[in-house]
Amino acid sequence: MNIRSAEFVVSNSDVSKCPNYQFPEYAFIGRSNVGKSSLINCLCNKKKLAKTSSKPGKTQLINHFLINKNWFLVDLPGYGYASVSKKSKSKFQNLISQYFKKRKQLINAYLLIDIRHKIQKIDLIFIEWLIKNYVSFSIVFTKSDKLIKSKIEKNVDEYKKSLLKFSLKSLPPIYITSSNDKTGFDDVLSEIHQLNKNLVK
Ligand code: GTP
Ligand code: MG
């Protein structure tokens with residue numbers, strides 16, 4: 001799928017104020033600093049569409065980007081960064097959980113995971129929460145430019161093994177990407193394209 005247009009629409013701290021269109025949407029979620037905003041910029045081929053930073057905690061609101069004038073990409077705040085105060089941590093967590101519970105337009109979530117690290121407890125907790133709340137999701141590993149191929153394969157295998165404990169009917173789709181090398185995006189876009197197509201059948 002080609003992204004012909006990508007426009008920032010609005011930022012919100014309240015899910016009830018998110019755009020009222022019935023366009024399908026796809027949300028990017030994951031730990032702070034995992035590369036959500038960078039991935040959105042890469043998918044759209046626009047360097048400064050979503051704000052990125054080397055410091056965790058950059059995205060603090062729900063950000064809607066209108067793609068090809070008929071679907072949305074959503075950039076969400078990250079979860080689980082240790083240095084954020086307890087108060088703002090729970091504020092973000094509330095915002096994220098309200099988004100996933102209330103947003104009827106959401107078709108699929110993309111859960112981003114830094115390929116360099118062993119499975120983190122907080123990601124497992126979040127995966128369990130998504131499953132319990134019937135949120136459909138795919139897994140997108142980020143920063144694959146930082147690891148050699150054999151290590152990537154090893155880490156992905158370990159992830160797959162950890163996912164088995166959730167007794168899912170099938171494993172979620174898994175993608176391996178790098179915003180630095182601009183690799184792995186075509187498959188993510190193809191999945192979104194297919195999901196959009198299924199909606200009009
Ligand atoms: P928050 O908004 O704070 O939750 O972070 P985020 O998940 O949106 O991360 P962001 O896209 O702002 O990227 C965080 C840092 O990781 C930035 O310094 C990016 O340049 C870097 N980064 C993102 N993706 C990649 C990647 O694929 N490879 C490498 N090497 N660095 C990346
Ligand atoms: Mg961000």
Side-chain angles (χ1 to χ4, degrees), residues 3 6-13 15 18 25-67 72-100 103 106 108-117 119-123 125-127 129-130 137-149 151-153 155-156 159 174-189:
I3 292 202
E7 311 152 54
F8 168 72
V9 178
V10 67
S11 294
N12 272 296
S13 59
V15 67
C18 287
E25 66 189 48
Y26 301 88
F28 287 71
I29 184 69
R31 278 163 63 84
S32 283
N33 209 244
V34 69
K36 301 174 291 296
S37 305
S38 304
L39 180 66
I40 287 179
N41 290 343
C42 274
L43 287 172
C44 299
N45 204 12
K46 271 191 169 181
K47 273 190 188 145
K48 292 190 175 162
L49 186 64
K51 289 186 185 132
T52 66
S53 168
S54 55
K55 283 196 203 128
K58 180 67 181 173
T59 308
Q60 306 211 346
L61 299 167
I62 303 169
N63 298 284
H64 274 78
F65 300 96
L66 182 61
I67 312 299
F72 283 116
L73 278 178
V74 181
D75 192 13
L76 293 171
Y79 57 77
Y81 193 70
S83 82
V84 175
S85 76
K86 257 196 183 158
K87 200 171 156 202
S88 64
K89 223 189 228 174
S90 74
K91 192 178 82 189
F92 287 166
Q93 263 149 25
N94 194 34
L95 187 59
I96 294 166
S97 63
Q98 289 304 307
Y99 172 83
F100 284 111
R103 193 68 179 161
L106 178 74
N108 196 41
Y110 288 87
L111 173 62
L112 272 60
I113 291 176
D114 189 327
I115 190 81
R116 292 173 297 173
H117 307 309
I119 196 150
Q120 310 263 312
K121 197 170 165 207
I122 189 144
D123 289 326
I125 291 171
F126 192 70
I127 290 172
W129 188 90
L130 289 174
F137 68 98
S138 305
I139 292 184
V140 179
F141 288 103
T142 61
K143 310 196 183 184
S144 66
D145 53 288
K146 299 253 193 184
L147 281 189
I148 56 167
K149 201 164 168 249
K151 194 87 176 88
I152 290 174
E153 283 165 5
N155 286 2
V156 172
Y159 252 91
I174 291 177
Y175 303 100
I176 298 164
T177 67
S178 161
S179 295
N180 267 26
D181 291 352
K182 305 207 181 315
T183 51
F185 306 130
D186 289 352
D187 293 341
V188 176
L189 280 178

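Along the sequence shown, residues carry numbers from 1. All ligand and atom numbering here is 1-based and tracks the order in the structure.
- In this structure, Tyr110 and Tyr175 have tilted ring planes: the angle between them lies in the 30° to 60° band.
- No N or O atom of Ser144 sits closer than 3.5 Å to an N or O atom of ligand 1.
- For Ser179, a nitrogen or oxygen atom sits less than 3.5 Å from a nitrogen or oxygen atom of ligand 1, counting backbone and side chain alike.
- With a 4.0 Å cut-off on non-hydrogen atoms, Thr142 does not touch ligand 1 at all.
- Between Leu43 and Phe65, every side-chain heavy-atom pair lies at or beyond the 4.5 Å cut-off.
- A heavy-atom separation below 4.0 Å is found between Asn33 and ligand 1.
- Scanning all protein heavy atoms for the shortest distance to atom 4 (O) of ligand 1 gives Lys36 NZ, 2.9 Å.
- Side chains of Ile96 and Trp129 form no contact here, defined as non-hydrogen atoms less than 4.5 Å apart.
- Taken to the nearest 0.5 Å, the NZ atom of Lys58 stands 9.0 Å off from the OG atom of Ser37.
- Under the side chain to side chain contact (heavy atoms under 4.5 Å, CB included) criterion, Gln98 pairs with Val15, Asn94, Lys102, sequence neighbours left out.
- In summary, of the residues considered (Leu106, Val9, Ile62, Ile29), a side chain to side chain contact (heavy atoms under 4.5 Å, CB included) with Val74 occurs for Ile62 alone.
- For ligand 1 and Gly78, the ligand atoms under 4.0 Å from any heavy atom of the residue are 4 (O).
- Taking distance alone, with nitrogen or oxygen atoms compared against 3.5 Å, Lys51 stays at or beyond that limit from ligand 1.
- Put simply, the side chain of Asp75 never gets that close to the backbone of Leu73: no donor and acceptor are under 3.5 Å apart.
- Annotation for His117 and Tyr159: closest pair O-CE1, 4.3 Å, computed over non-hydrogen atoms.
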Check step by step if side-chain contact (heavy atoms from CB on, under 4.5 Å) holds for Ile67 and Cys44.
CA-CA 8 Å; Ile67 312 299; Cys44 299; 3.7 Å; yes
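- Remark: among candidates Ala50, Ser37, Ser53, the nearest residue to atom 12 (O) of ligand 1 is Ser53, based on non-hydrogen atoms.
- Contacts between Pro56 and ligand 1, counted as non-hydrogen atom pairs separated by less than 4.0 Å, involve the backbone only.
- Proximity of Phe126 to Phe137: side-chain heavy atoms (C-beta onward) are nowhere separated by under 4.5 Å.
- Here the protein heavy atom with the shortest distance to atom 18 (O) of ligand 1 is Ser54 CA, 3.3 Å.
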Just list the side-chain donor-acceptor pairs under 3.5 Å for residues 139-147, sequence neighbours left out, or say none.
residue, atom, partner, partner atom, Å
Thr142, OG1, Val34, O, 2.8
Lys143, NZ, Asn33, O, 2.8
Ser144, OG, Thr177, O, 3.0
Asp145, OD1, Ser178, OG, 2.7

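- Ser138 and Asn108 share a donor-acceptor pair across their side chains, judged by distance under 3.5 Å alone.
- Each of the atoms 27 (O) of ligand 1 lies under 4.0 Å from some heavy atom of Ser178.
- The distance criterion of under 3.5 Å between nitrogen or oxygen atoms is met by Gly35 with respect to ligand 1.
- Checked by distance only, ligand 1 and Lys143 come closer than 3.5 Å through their nitrogen or oxygen atoms.
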Mind listing the side-chain donor-acceptor pairs of residues 46-54 below 3.5 Å, one per line with the distance, residues two or more places apart or on another chain?
residue, atom, partner, partner atom, Å
Lys46, NZ, Ala6, O, 2.6
Ser53, OG, Lys55, N, 2.9
Ser53, OG, Lys55, O, 3.4

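- Counting only distances under 2.8 Å, and ignoring water, the protein N, O or S atoms around the Mg ion (ligand 2) are Ser37 OG, Thr59 OG1.
- Ligand-side atoms of ligand 1 in range of Lys146: 30 (N), range being under 4.0 angstrom from any heavy atom.
- Of the protein's non-hydrogen atoms, Gly57 N, 2.6 Å is the one closest to atom 3 (O) of ligand 1.
- When only non-hydrogen protein atoms are considered, atom 30 (N) of ligand 1 lies nearest to Asp145 OD2, 2.8 Å.
- The shortest distance between side-chain heavy atoms of Val156 and Ile115 falls below 4.5 Å.
- For the pair Lys36/Thr59, no side-chain contact is recorded, criterion being any heavy-atom separation below 4.5 Å from C-beta on.
- At a 4.0 Å heavy-atom cut-off, ligand 1 touches Ser38 through backbone and side chain alike.
- The nearest protein atom to atom 31 (N) of ligand 1, hydrogens excluded, is given as Asn180 OD1, 3.7 Å; this is a heavy-atom distance.
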